[in-house]
Asks: 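Before we start, here is the structure in question, set down as structure tokens.
Note that the numbering runs from 1 along the sequence shown for the chain.
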Amino acid sequence: MHCSRLFLPTLKGDQPRLTPWTGMMVRAGMIRFAGDGDCYVLPAGRRVFDNIGCLFQTAFSRLGAHELLFHGHDAFALLLQEIKSYKMLPFAVQRRKISTTPVRRPSFGLAFAQHRLCLEMTAVAESTSDIGQIESTLREYIHSLLSDLGICSSLVSASPGEEQWMLVLPYDKGDTDWYECNGCGQKALDWCVQVARDDMPVKTETSELKRLYTPGASTMAILCEQVGIPLEATLKTMVYVREDGMPVLAMVRGDREVDVRRLTSAAGGSCRAATQAEIEEITGAPCGFAGPCNLPHKALLVLDSALAHASGLVAGANEADYHLGGLVPGRDFIPDVISTIRKATPQDRCVCGCTMTSHRGFGLITGSRFILTGMKVQGRSGTLQELPALSVSVDVNRVVEATARFALDERGFNWPKSVAPFRCAVIAVTVREASVLEQASKIYADLQRAGLHTLLDDRDVGLGAKMADSDLLGIPIRMLVGPQGLQHGYVEMACRTGGEREQVKLSEAVDLVLKKVQPDIQTI
């Protein structure tokens with residue numbers, strides 16, 4: 001690519017609102033952001049995206065995944081109809097797609113862009129052990145690949161049964177929270193981490209159920225102040241509506257919050273928060289006075305496991321300006337479901353009894369194992385059987401941002417050679433002397449023919465600007481072709497790492513570049 005023909009709108013100065021590495025990609029003319037936080041990838045950035053995507057596509061191909069162009073899961077189901085027998089297994093396909101994630105407010109960064117490039121692989125096999133072997137092998141490939149990119153990620157469970165997993169990059173401004181046990185080493189997302197039951201009976205002077213007059217106590221803080229009890233002695237009742245219209249009352253300790261994902265699992269269906277009008281209809285009382293007793297309508301009562309043996313609680317009476325004191329679950333109301341529905345906190349302990357450490361980051365790669373229902377193939381025994389499957393999704397935007405984070409230095413990017421937008425930059429020191437531009441063009445053409453992505457900087461600008469842009473883009477090898485060197489039959493070569501210049505004979509320049517770059521290009 002000739003630099004004079006490349007759309008490379010480099011900038012000067014730091015970019016506000018952006019992380020240093022994302023801001024540097026903007027400065028390097030690789031990406032731009034719209035006002036809504038969406039990301040536009042420019043030609044130089046597209047090369048980085050393509051190089052990283054190619055690494056993962058090669059990893060998928062090593063597992064036999066066929067690269068196809070299709071949209072939607074229905075198309076994949078159509079492909080599976082071609083599988084009639086176990087003799088055609090394992091079978092895997094991969095595809096590229098743009099994932100759309102609407103955001104309520106602009107979040108500027110590759111990892112949070114509304115439209116993100118994703119690579120997906122789906123595989124089916126004859127048995128769960130076969131699909132497990134595919135998953136294990138793929139994880140090894142991905143671990144090696146991320147290590148080559150300089151990314152240190154954590155493998156965490158993304159479902160209670162560990163059928164789903166996620167590779168997460170630690171980052172304090174990320175959108176994913178997970179916990180790590182300091183004892184058994186459990187790593188899981190916040191909503192599915194296995195925590196101790198944490199029974200905490202509340203001691204009170206009496207456990208008799210009594211009606212308390214609490215005028216205007218529509219919040220937990222006002223209630224505690226009026227009754228003179230700690231927040232831990234209250235039962236917080238949150239009203240939800242299940243996807244089939246069934247009201248759901250989620251009950252947790254007053255100092256805890258409901259995790260909707262845990263509640264969805266416990267309630268047997270997707271749940272959404274009820275509107276104010278729905279709350280008043282379901283409970284017969286204004287917001288802030290909901291409780292599990294004296295409900296005017298049937299509702300599913302879901303109690304957090306930490307309250308299974310509690311007593312003497314204070315909860316809403318489903319009546320304006322009144323609460324109930326001395327409440328005992330199991331005596332005064334019978335919960336339909338007892339499950340862990342509270343959000344995990346650093347104060348929780350693991351099921352093994354050890355403390356846990358909370359982390360934040362953003363997910364790079366997700367995977368899940370499942371059984372394909374509704375489709376059966378002939379097994380070895382001659383009977384029809386359902387197929388176990390594996391689905392893996394790589395968020396290329398996030399992998400690019402993670403790679404940029406670790407490749408950043410004071411001059412720009414020091415990309416891994418397999419990721420850099422160009423492997424080598426051939427810089428014509430001056431384009432006003434025909435011999436210099438002619439020789440630079442010859443070296444460029446030889447490198448291109450050898451299969452090396454090369455940038456020929458033939459712009460009529462100062463040498464300092466050319467070298468700065470080369471460093472900014474993170475091109476691993478830079479070759480300077482100048483009039484003084486040509487008089488003595490040599491060119492000047494420097495690596496992005498180290499930056500030491502060396503004089504190289506013209507006849508040896510191309511071979512030396514290929515020797516330095518090619519061994520470092522990783523193909524999985």
Side-chain angles (χ1 to χ4, degrees), residues 190-191 195-240 247-260 262-263 266-267 271 273-274 276 278-280 282-297 299-349:
D190 57 341
W191 73 272
V195 297
R197 186 164 177 166
D198 190 28
D199 288 335
M200 294 191 67
V202 180
K203 297 180 180 180
T204 58
E205 296 180 358
T206 176
S207 60
E208 294 182 2
L209 189 64
K210 55 184 178 180
R211 192 160 166 263
L212 305 175
Y213 180 56
T214 53
S218 59
T219 66
M220 303 302 290
I222 298 175
L223 173 65
C224 291
E225 183 178 355
Q226 284 191 11
V227 182
I229 57 172
L231 196 59
E232 295 84 355
T234 62
L235 182 146
K236 182 191 296 183
T237 304
M238 305 297 293
V239 184
Y240 293 85
V248 177
L249 267 61
M251 293 166 284
V252 295
R253 219 170 59 187
D255 60 336
R256 293 301 186 98
E257 299 294 333
V258 175
D259 191 311
V260 179
R262 290 182 186 265
L263 176 63
C271 297
Q276 181 176 341
E278 288 173 330
I279 292 173
E280 292 177 358
I282 293 169
T283 66
C287 295
F289 295 92
C293 300
N294 306 319
L295 283 167
H297 302 285
L300 184 72
L301 304 183
V302 183
L303 181 70
D304 184 62
S305 59
L307 296 174
H309 298 96
S311 63
L313 298 169
V314 175
N318 292 319
E319 182 181 354
D321 295 335
Y322 282 92
H323 282 76
L324 295 176
L327 191 70
V328 179
R331 184 196 70 182
D332 302 314
F333 70 95
I334 305 299
D336 298 296
V337 180
I338 298 178
S339 180
T340 302
I341 60 172
R342 65 187 183 275
K343 286 185 178 179
T345 69
Q347 288 71 46
D348 282 309
R349 288 183 174 271

Asks: Is V252 close to I341 at the side-chain level, that is, under 4.5 Å between some pair of heavy atoms?
Replies: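 Yes, their side chains come closer than 4.5 Å.
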Asks: Do you know which two heavy atoms are closest between I334 and G330, and how far apart they sit?
Replies: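 So the two residues come closest at CD1-O, 3.2 Å.
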Asks: Side chains of V314 and L212: closer than 4.5 Å at any heavy-atom pair?
Replies: yes
Asks: Listed by chain and number, what are the ring pair (Phe, Tyr, Trp, His ring centres under 6.0 Å) partners of Y240, not counting sequence neighbours?
Replies: none
Asks: Return the minimal non-hydrogen interatomic distance between V248 and C271, and the atom names on each side.
Replies: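 Reported closest heavy-atom pair: CG2-SG, 4.3 Å.
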Asks: Got a sec, which residues hit side chain to side chain contact (heavy atoms under 4.5 Å, CB included) with A285, two or more places apart in sequence or on another chain?
Replies: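 Here the qualifying residues are T283, F289.
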Asks: Could you pull out the closest heavy-atom pair between T234 and L231, with the gap in Å?
Replies: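 Shortest heavy-atom contact: OG1-O, 2.7 Å.
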Asks: Who pairs with T237 by side chain to side chain donor-acceptor pair (under 3.5 Å), at least two apart in sequence or on another chain?
Replies: none
Asks: R211: what forms a salt bridge (Lys or Arg N to Asp or Glu O under 4.0 Å) with it, not counting sequence neighbours?
Replies: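 R211: salt bridge (Lys or Arg N to Asp or Glu O under 4.0 Å) contacts with E319.
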Asks: Locate the shortest heavy-atom distance separating P286 from E280; write the atom from each residue and the value.
Replies: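 Nearest pair, atom of P286 first, then E280: CA-CG, 4.1 Å.
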Asks: Got a donor-acceptor contact below 3.5 angstrom from the D190 side chain to the A344 backbone?
Replies: no
Asks: Test of understanding: with side chain to side chain contact (heavy atoms under 4.5 Å, CB included), list the residues that count as partners of N294, not counting sequence neighbours.
Replies: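 Only L324 meet the side chain to side chain contact (heavy atoms under 4.5 Å, CB included) criterion with N294.
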Asks: List, one per line, each side-chain donor-acceptor pair under 3.5 Å for residues 215-228, sequence neighbours excluded.
Replies:
residue: T219; atom: OG1; partner: I222; partner atom: N; Å: 3.3
residue: Q226; atom: NE2; partner: P215; partner atom: O; Å: 2.8

Asks: Just jot down the side chain to side chain donor-acceptor pair (under 3.5 Å) partners of T214, sequence neighbours excluded, or say none.
Replies: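 For T214, the residues satisfying side chain to side chain donor-acceptor pair (under 3.5 Å) (neighbours in sequence not counted) are H323.
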Asks: What residues, two or more places apart in sequence or in another chain, satisfy ring pair (Phe, Tyr, Trp, His ring centres under 6.0 Å) together with Y322?
Replies: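 Per chain and number, Y322 pairs via ring pair (Phe, Tyr, Trp, His ring centres under 6.0 Å) with Y213.
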Asks: Has the side chain of N318 got a donor or acceptor atom that lies under 3.5 Å from a matching backbone atom of G291?
Replies: yes
Asks: Given E257, which partner from the list K236, R262, K343 fulfils the salt bridge (charged side-chain N to carboxylate O under 4.0 Å, His left out) test?
Replies: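 Checked K236, R262, K343 against E257; only one passes salt bridge (charged side-chain N to carboxylate O under 4.0 Å, His left out): K236.
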Asks: Can you give me the closest heavy-atom contact between A308 and I338, atom names plus distance?
Replies: CB-CG2, 4.1 Å
Asks: Between D332 and P329 (side chain of the first, backbone of the second, donor and acceptor by atom type, cut-off under 3.5 Å), is there such a pair?
Replies: no
Asks: Using the side chain to side chain contact (heavy atoms under 4.5 Å, CB included) criterion, which residues pair with A299? Sequence neighbours excluded.
Replies: P247, L249, L295
Asks: Could you give the distance from OG (S339) to CG (L263), rounded to the nearest 0.5 Å?
Replies: 9.0 Å
Asks: Would you say that R256 contacts D348 through its side chain, given a criterion of any heavy-atom pair below 4.5 Å between the two side chains?
Replies: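 Yes, close enough: below the 4.5 Å cut-off.
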Asks: Kindly write out the residues that satisfy side chain to side chain contact (heavy atoms under 4.5 Å, CB included) with A315, not counting sequence neighbours, or none if the list is empty.
Replies: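 With sequence neighbours excluded, A315 shows a side chain to side chain contact (heavy atoms under 4.5 Å, CB included) to L235, P292, L327, given in chain and number order.
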Asks: I'd like to know if the side chain of D304 and the backbone of R342 have a donor-acceptor N/O pair within less than 3.5 Å.
Replies: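 Such a contact is found between D304 side chain and R342 backbone.
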Asks: Checking D255 now: which residues fulfil salt bridge (Lys or Arg N to Asp or Glu O under 4.0 Å) with it, not counting sequence neighbours?
Replies: R253
